[in-house]
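No experiment lies behind these values; they were computed from the predicted model shown. So you know, we letter chains A, B, ... as the sequences are listed, proteins then strands, and number each from 1.
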Number of protein chains: 2
Amino acid sequence: MSTPPELPHPPADSLSLSQVLFALSDPARREIARNLREGPLEAAACSAVTADVPKSTKSHILKVLRESGVIRNEPNPNGRGRLLTLRRDDIEARFPGLIDPILDADLRES
Amino acid sequence: MSTPPELPHPPADSLSLSQVLFALSDPARREIARNLREGPLEAAACSAVTADVPKSTKSHILKVLRESGVIRNEPNPNGRGRLLTLRRDDIEARFPGLIDPILDADLRES
DNA sequence: GTGGAGGTTCGACAATTTTCGAACCAATCG
DNA sequence: CGATTGGTTCGAAAATTGTCGAACCTCCAC
């Protein structure tokens, strides 16, 4: 019956700044967001997290990003696995100018 | 001899994005930063935190902000108590465009 | 169907963060 | 000199986060 893993996402107009900043305050989570800048990716293809971390941990990382509204995580329409999308427009609409400086900054982070 | 409560501050060129974002991911801490936008303030005059919170707690809040490099906390040159300053230029130099959207956003935060 | 591969959830435990009282410190005012 | 004001530091206890194995689910491929 019900298409199962349809995970909950916060609506675009109720994103919380605290949650977004918190989610992006972690390098690993930020790296994923940065991976999605050029477009959606299959979860399995996310570098740096593809790394040597147990899948339950990876799943938790994605959960924080999803629940904060930073990414969307949905079943891959055409293909297997899940598709991750940066919710750039939603974030930009609610917190104009916020997302780019954050993702740009990592390029020169120590 | 040494003027005592000279608290340590991270140098401008070594601010960590993770630490800055984390510090600003908390509404109370963000509110203080916002209070300092128009210029330095005596610590005792910080609204919202002047609120009903024990001083040790308030001091801890300031510590997180200071150690992340968001604010400077120094003895008040002319006057009693301490002077808080937003390290706007330092943050801007290291993470261009980051600070304003964050502080602006609170105006419309739920 | 059976067997992965890909992924979520749950529970437990470790690690970090928060909160707050108590002790302490420095400067100012009587 | 006290005493008061404004503030930091230190524990310790509470709350939140992070990590990871085990169990489970689901879509393919065979």
Checklist outcome for this item: Result for 5'-nearest mapping on DNA chain C, choosing between G81(A) and R66(A), is G81(A)
Item to check | From dT19(D), dT8(D), dG7(C), nucleotide with atom closest to L7(B) side chain | outcome: dT8(D)
Checklist entry - Does a nitrogen or oxygen in the side chain of R82(B) sit under 4.0 Å from OP1 or OP2 of dA27(C)? => result no
Checklist entry - Could you give the CZ-to-C1' distance, from F22(A) to dT17(D), as a whole number of Å? => result 6 Å
Item to check | Euclidean distance, atom CG of residue N76(B) to atom P of dT28(C) [Å, nearest integer] | outcome: 10 Å
Item to check | Side chain proximity check, L98(B) to L21(B), heavy atoms < 4.5 angstrom | outcome: yes
Checklist entry - Tell me: CG of D52(A) to P of dG21(D), nearest whole Å? => result 10 Å
Next on the checklist: As an exercise, state the distance from CZ of R30(A) to CG of L17(B), rounded to the nearest 0.5 Å.
Outcome noted: 4.0 Å
Checklist outcome for this item: In whole angstroms, the gap separating P of dT16(C) from CD of E67(B) amounts to 15 Å
Checklist entry - Starting at NZ of K63(A) and ending at C1' of dT19(D), how long is that distance when rounded to a whole Å? => result 14 Å
Item to check | Minimum side-chain heavy-atom gap P75(A)-E6(A) below 4.5 Å | outcome: yes
Checklist entry - Between I61(A) (CD1) and dT8(C) (P), how many Å, whole number? => result 12 Å
Checklist entry - Which of these nucleotides, dT19(D), dT19(C), dG7(C), is closest to any side-chain atom of T57(B)? => result dT19(C)
Item to check | Rounded distance (Å) that lies between atom P of dA26(C) and atom NZ of K55(B) | outcome: 15 Å
Item to check | Any N73(A) side-chain nitrogen or oxygen under 4.0 Å from OP1 or OP2 of dT8(C) | outcome: yes
Checklist entry - Has the side chain of R66(B) got a donor or acceptor atom that lies under 3.5 Å from a matching backbone atom of P8(B)? => result yes
Item to check | Member of L65(B), N35(B), N73(B) meeting the side chain to side chain contact (heavy atoms under 4.5 Å, CB included) criterion with L84(B) | outcome: N73(B)
Item to check | Closest to the R80(B) side chain, choosing from dT18(C), dT28(C), dT19(D) | outcome: dT28(C)
Checklist entry - Taking atom P of dG7(D) as reference, at what distance in whole Å does atom CD of E6(B) sit? => result 15 Å
Checklist entry - Does S56(A) make a side-chain N or O approach to OP1 or OP2 of dG21(D) shorter than 4.0 Å? => result no
Next on the checklist: Taking atom types as they are modelled, would you say the side chain of S59(A) forms a donor-acceptor pair with the base of dG7(C) within the 3.5 Å cutoff?
Outcome noted: no
